[in-house]
Each structure stands twice: as structure tokens, then as C-alpha cells.
Amino acid sequence: MLLARALVLSCVACCVVASCGGSSSDSPHGSGGASGAAGAIEAGFGGESATAGSRAVGTSGASAAGSANAGAAGEAGAAGEGGGSGAPGAPITNGLVVVGTTVESPTTQHFVVLLDPTDGHEIARTQSSLPVLEVAYEAARDKWFVFTGTSAGPASLLIGSMTTTGFAVEQSASVPKPTNQNTVVLLNQRILYRTATHAGLSTADDELVLLDTSGIVKPIGTLTIPYRYALVNAAGAPNAGQSAGGRVFFLHDNLDDVSENCSASDAGTEVPCTVYESSLGVGATDTDLAFSLDAITPLAQIDRDGSDGTLGVQPSGGHNVAIVLPPRRQLDTHASIFLFDENSGAAVPPTLKFSLETATKKLDPTNTITMTTVALDPCADRLFTGELANAALLYAVPLAAPDTVVAFDPASADNIVGTIAYEPFTRTLISINSDPTKPTFSGLQIGGTLATPQIALRGTAGTAPWKVPQGLVPEAVAVRNPVSAPCAE
């Protein structure tokens, strides 16, 4: 009966565990002082175990003894009253990395895992009955949003706070399921995300939904993007202060639309296709949104055979929005950076170029070039980006001097670049590869100066420690970027 009732709240169970690779007392966040009778918890990843009581998110009263694998234990209560094991945890006000992951052994389980970026060790984990699809953070209200769901049906959106005992869920809502993480945009009190995708179908439009998250979560509008301008990435710049809304930036291409976007090859054998950008302001009173074809701007052409670009917004009140596009490999070895103002959406010239090659690492002219991910430093005008599997390198690019780019190895388990996230409190670039057989969760310490950064793999000799649980598969990752970035004086 408890399990059936907990499903109404997405059946999320919360448990506190000792850190895998370091005790919670090593963390400046502390352990939160869990209480209650202990029950054995199989760590699932890292090959270690820990003990704690467990109970359903949203419950009140003492925690119960037993195995976390059994699901939730305790009486279900009003949402917002719980979220930890025993005593409620303390708010986490410094750096934080939040990971959604699935553990397949001994049984399939899903978790929201909190990591301390000072050394990467686990602070706490919260169990979910459904896979974690996306994790996002709203700085203005210090709120976390976790989408969970399966391949079929709607998603459950969980809203709450991250504390020293785990994810304290304050509200849950059944919402349309997002198609992927690259098209979920968080603004102040609003989320805009794609729910139906072009996905290679020549006449299928992209469909997005707008959620109002200011109180009880509810859909308030939709947005349709014509198939010619199929959505690749979307990112948001929230309004300053507490006002609802912000500006959404889109990166578009449709590499299947030969008649409109692609043309006959003029170099080598690859067909070139046009990539577009646009932006859309979302206000507090906006509901159904209109996509303006006049707002579409062509940027450049890329090879049709799998190349792609990426989009990112500078967090914590930065003013840069960056689109990074690969070159057509028969013509150039330099990627391009297009900058835009986060408030107006206007282009900020000039277009910047940086080399994807190093003295020892050259591009393969027969292989696609794909820029998979970009993260902007909230404290300096530079970006970090990566190329998937041709150069397979990460790059630190100062926007004022892109020709001084520093390229470095992503330290991936299978030598490819996945997703990156920049953690500002510890100046750590997190390099993530979600391959379930060879997962990567590397921490790269960023030092030196803006023009000449120094990059060192954390956890190696002479570097800061990195105690991320072994085998942690990062299916969704977000870091805490507060309104005021923690920049050194």
C-alpha cells in the first residue's frame, strides 16, 4: 500500500549514505546528522556499502529500519515535509554537483546523487522509482528540477532543494516528457522544453511546452518550430532578479532537408547544410508562444554527414551566449564561435575562430567533426568546448584571444568527448561520458591565467583529490551556479 501511494509522488525514496571514497565528515557540507535505525544499503556503484534508514520523500516522523532496495519505508505524508533519512538535512549553499544515474545490480535502481566538488565524494543519494531524464537548477529561487520517466507515457517533474541528506522534494507534477537534455530551458519560474521532435522525419515539426513553476506547476503554453528549422540545442538566460521569464536561444538545422537547407557539394564529396540561430523572449504574462521566421538567422554551413554544433549561455549574470560550430572539414580546421547578447539576443561581432588541431593531433579528413558540448565560465569571458571523436579533445578558449586556445585530453574511458559542466566554486571542468560500460566522470582542475590556463586531471599525483564513486554512470548532470558567481577577488 505504501508503494502504491508513493507512486503518486513519483515513488521517490530518500536515503543517506556514507561517501564512496571519503567520509561525509571530510565535506564542508557535513552529513546532515541522519538518524533512525540503520538498514543495509547496497551502494550499487563504487562496490561499497553504507548504512542508513530510509523513508519516502515527503514523509514526516522517525525513519524506519530496513533495506533501501525495498523502496520507501515509513508513512507517506504531505510533500515538502521530508526528503531525508531521520533529521532533515541542512541547505547546501556552496558548490554542488547533482547526478541522475541508474544502477543495474543487484536490481535496477535509479538515484539522484549529490557530489561535493571539493573532492568529488558522495554527500547523499535519493532513490527514484523512475529513470532520471534531466536535472536543472534555477538560481533565482535556489530550486532544483528533476524530470523522471520512462520511454512511454508522461514524465514526473520533481521540484525541491538539495540538502545534506539528499533531494528534499517539495512538489511533483505529471508533465509531458522531454525529448532530451539539450532542449530543456530553465528560466525564472518558467521551463520551456521540447516534447516532440523532428528526429529525421522530413515533415514533422518540433513541439515544445511552456511550464509555469511559480506555484503549482502547470503547462501554460506551447511552441511549434517548423521542421525546416529542426531544433538541435536550446539554452536560456533568466531575467535579472526575481521576475519571471527570460530569453531562450535556439540552434537549428535540418540535415535531411536537401531542397531547402542543403546544397550540392562544392568541396570534396560532402553536402553542405545551413545552420540557423534564433532567440525568443519569454515574459511573465506569455502563454502560447509564436515562433517568428523573421528571427531566424543563417550562421554557417556544416557537413551533412553527422557534423553538428552546440550552444551555451554564461551563467550567474554573464552576458555571453555562444554557439560553437565545426568547420567543413574539406575547407578548414578551425571551429567558429558566434556570440550573442543574453538580454537582446543581438549578435555580438566578430565571429571568433580557434584551431581544432594541435602540433601532434590532426583532424581526420574522412571523419565527421562534431562539437558536442560547451560551458561558459561565469567568472571570466572564456568557454570550454569539446569535439566528439575526430580530434577528440577539449578546448579552453579565451573569448578575447581565441588564437591562444589550449587543447587537452578529456581523460575519457573510451577516448571520446561527451558532455562537460563547469563547477565555479572549485574551478573544476567536469568531463562526462555516459557509456554504461565505460562511464567517465573526470574532474579537470582549471588554473593559471585566462590567456594561459593550466589544466590538470584531479585525483592524480600532485592534484586536488577526486573521489567520485567508481562506476557512476552520469545520465543527467547539473552544477549549482548561483545568481552571484563565486569569483575570486
Side-chain angles (χ1 to χ4, degrees), residues 182 229-233 235 249-258 260-278 296-312 320-340 347-376 382-410 412 415-420:
N182 290 341
Y229 304 109
L231 189 56
V232 178
N233 287 92
F249 292 83
F250 300 116
L251 176 63
H252 315 260
D253 71 45
N254 182 349
L255 305 187
D256 299 305
D257 195 348
V258 178
E260 296 283 354
N261 293 332
C262 305
S263 56
S265 175
D266 57 1
T269 60
E270 291 309 319
V271 171
C273 300
T274 302
V275 176
Y276 303 86
E277 65 83 17
S278 68
I296 285 282
T297 301
L299 287 180
Q301 289 185 319
I302 61 175
D303 291 332
R304 186 186 180 194
D305 64 341
S307 294
D308 231 327
T310 187
L311 164 67
N320 291 306
V321 178
I323 292 175
V324 184
L325 295 183
R328 293 178 57 199
R329 62 179 182 271
Q330 296 294 335
L331 302 179
D332 198 1
T333 58
H334 289 72
S336 299
I337 302 173
F338 301 85
L339 297 177
F340 304 88
V348 179
T351 300
L352 309 178
K353 299 270 190 178
F354 68 95
S355 176
L356 295 174
E357 294 189 329
T358 68
T360 58
K361 195 72 174 282
K362 304 301 180 183
L363 292 174
D364 179 354
T366 66
N367 193 10
T368 60
I369 305 174
T370 298
M371 310 307 297
T372 59
T373 181
V374 63
L376 283 86
R382 66 176 165 191
L383 61 77
F384 303 95
T385 189
E387 197 285 321
L388 175 64
N390 193 318
L393 293 172
L394 291 171
Y395 304 88
V397 188
L399 300 182
D403 56 335
T404 64
V405 60
V406 174
F408 51 100
D409 190 324
S412 170
N415 198 35
I416 65 170
V417 173
T419 300
I420 58 175

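This chain uses plain numbering: 1 for the first residue, then up along the sequence.
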A.B. asks: Taking all atoms of both residues into account, what is the closest heavy-atom pair of Ile337 and Ala322, and its distance?
C.D. replies: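 Smallest heavy-atom distance, with atoms named: CG2-CB, 4.3 Å.
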A.B. asks: What is the minimum heavy-atom distance between Pro327 and His334, and which atoms define it?
C.D. replies: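 Heavy atoms of Pro327 and His334 come nearest at CB-O, 3.2 Å.
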A.B. asks: Would you compute the distance between atom OG1 of Thr368 and atom CD of Glu387 and round it to the nearest 0.5 angstrom?
C.D. replies: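 Taking OG1 in Thr368 and CD in Glu387, the distance rounds to 7.0 Å.
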A.B. asks: How close do Leu325 and Met371 get, counting heavy atoms only, and between which atoms?
C.D. replies: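 So the two residues come closest at C-CG, 4.0 Å.
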A.B. asks: Between Phe249 and Phe340, what is the ring plane arrangement, given parallel below 30°, perpendicular above 60°, and tilted in between?
C.D. replies: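 Tilted.
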A.B. asks: Pair up each side-chain donor or acceptor in residues 399-407 with any protein partner under 3.5 Å, not counting sequence neighbours, and list the distances.
C.D. replies:
{"from": "Thr404", "atom 1": "OG1", "to": "Ala401", "atom 2": "O", "distance (Å)": "2.7"}

A.B. asks: Would you compute the distance between atom CG of Asn390 and atom CD1 of Ile369 and round it to the nearest 0.5 angstrom?
C.D. replies: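 Answer for the CG-CD1 pair, Asn390 versus Ile369, is 5.0 Å.
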A.B. asks: Using a 4.5 Å cut-off on heavy atoms from C-beta on, say whether the side chain of Gln330 contacts that of Ser265.
C.D. replies: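 Counting from C-beta outward, Ser265 and Gln330 never come under 4.5 Å.
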A.B. asks: Taking only residues two or more places apart in sequence or in another chain, which ones pass side chain to side chain donor-acceptor pair (under 3.5 Å) with Arg329?
C.D. replies: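 Side chain to side chain donor-acceptor pair (under 3.5 Å) list for Arg329, sorted by chain: Asp303, Asp305.
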A.B. asks: Using the side chain to side chain donor-acceptor pair (under 3.5 Å) criterion, which residues pair with Thr366? Sequence neighbours excluded.
C.D. replies: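 Here the qualifying residues are Asp364.
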A.B. asks: Taking only distance into account, with no hydrogens and no angle test, what donor-acceptor pairs under 3.5 Å do side-chain atoms of residues 347-356 form with protein atoms, sequence neighbours excluded?
C.D. replies:
{"from": "Lys353", "atom 1": "NZ", "to": "Ser336", "atom 2": "OG", "distance (Å)": "2.9"}
{"from": "Ser355", "atom 1": "OG", "to": "Glu357", "atom 2": "N", "distance (Å)": "3.1"}
{"from": "Ser355", "atom 1": "OG", "to": "Glu357", "atom 2": "O", "distance (Å)": "3.3"}

A.B. asks: Can you measure from OG1 (Thr310) to CG (Asn233) and round to the nearest 0.5 angstrom?
C.D. replies: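 So the gap between those two atoms works out to 4.5 Å.
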A.B. asks: Could you tell me the separation between the CG atom of Asn261 and the CG atom of Asn254, rounded to the nearest 0.5 Å?
C.D. replies: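 Asn261 CG to Asn254 CG: 5.5 Å, rounded to 0.5 Å.
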A.B. asks: Would you compute the distance between atom CD of Glu277 and atom CG of Leu251 and round it to the nearest 0.5 angstrom?
C.D. replies: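 Rounded to the nearest 0.5 Å, the CD-CG separation comes out at 9.0 Å.
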A.B. asks: Is there side-chain contact between Arg304 and Cys273, with at least one heavy-atom pair below 4.5 Å?
C.D. replies: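 Yes, close enough: below the 4.5 Å cut-off.
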A.B. asks: Could you walk me through whether Phe384 and Leu394 pass the side chain to side chain contact (heavy atoms under 4.5 Å, CB included) check?
C.D. replies: CA-CA 7 Å; Phe384 303 95; Leu394 291 171; over 6 Å; no
A.B. asks: Who pairs with Asn182 by side chain to side chain donor-acceptor pair (under 3.5 Å), at least two apart in sequence or on another chain?
C.D. replies: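 Asn182: no side chain to side chain donor-acceptor pair (under 3.5 Å) contacts found.
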A.B. asks: Partners of Asp409 by salt bridge (charged side-chain N to carboxylate O under 4.0 Å, His left out), sequence neighbours excluded?
C.D. replies: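 For Asp409, no residue satisfies salt bridge (charged side-chain N to carboxylate O under 4.0 Å, His left out) once neighbours in sequence are set aside.
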A.B. asks: Start with the C-alpha gap between Val321 and Leu311, add the side-chain angles, then the distance that decides, and say whether side chain to side chain contact (heavy atoms under 4.5 Å, CB included) holds.
C.D. replies: CA-CA 8 Å; Val321 178; Leu311 164 67; 3.8 Å; yes
A.B. asks: Under the side chain to side chain contact (heavy atoms under 4.5 Å, CB included) rule, what do Glu270 and Ser307 come out as? Steps first, then yes or no, please.
C.D. replies: CA-CA 11 Å; Glu270 291 309 319; Ser307 294; over 6 Å; no
A.B. asks: Does Val271 reach the side chain of Val258, with side-chain heavy atoms less than 4.5 Å apart?
C.D. replies: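 Side-chain contact under 4.5 Å: no.
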A.B. asks: Would a 4.5 Å heavy-atom cut-off, applied to side chains only, mark Leu255 and Ile302 as touching?
C.D. replies: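 Yes, close enough: below the 4.5 Å cut-off.
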A.B. asks: Hey, mind stepping through Ile323 and Leu299 against side chain to side chain contact (heavy atoms under 4.5 Å, CB included) and telling me if it holds?
C.D. replies: CA-CA 9 Å; Ile323 292 175; Leu299 287 180; 3.8 Å; yes
A.B. asks: Looking at every heavy atom in both Ala389 and Ile416, which two are closest together, and how far apart are they?
C.D. replies: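 Scanning both residues completely, I find the closest heavy atoms to be CB-CG2, 4.1 Å.
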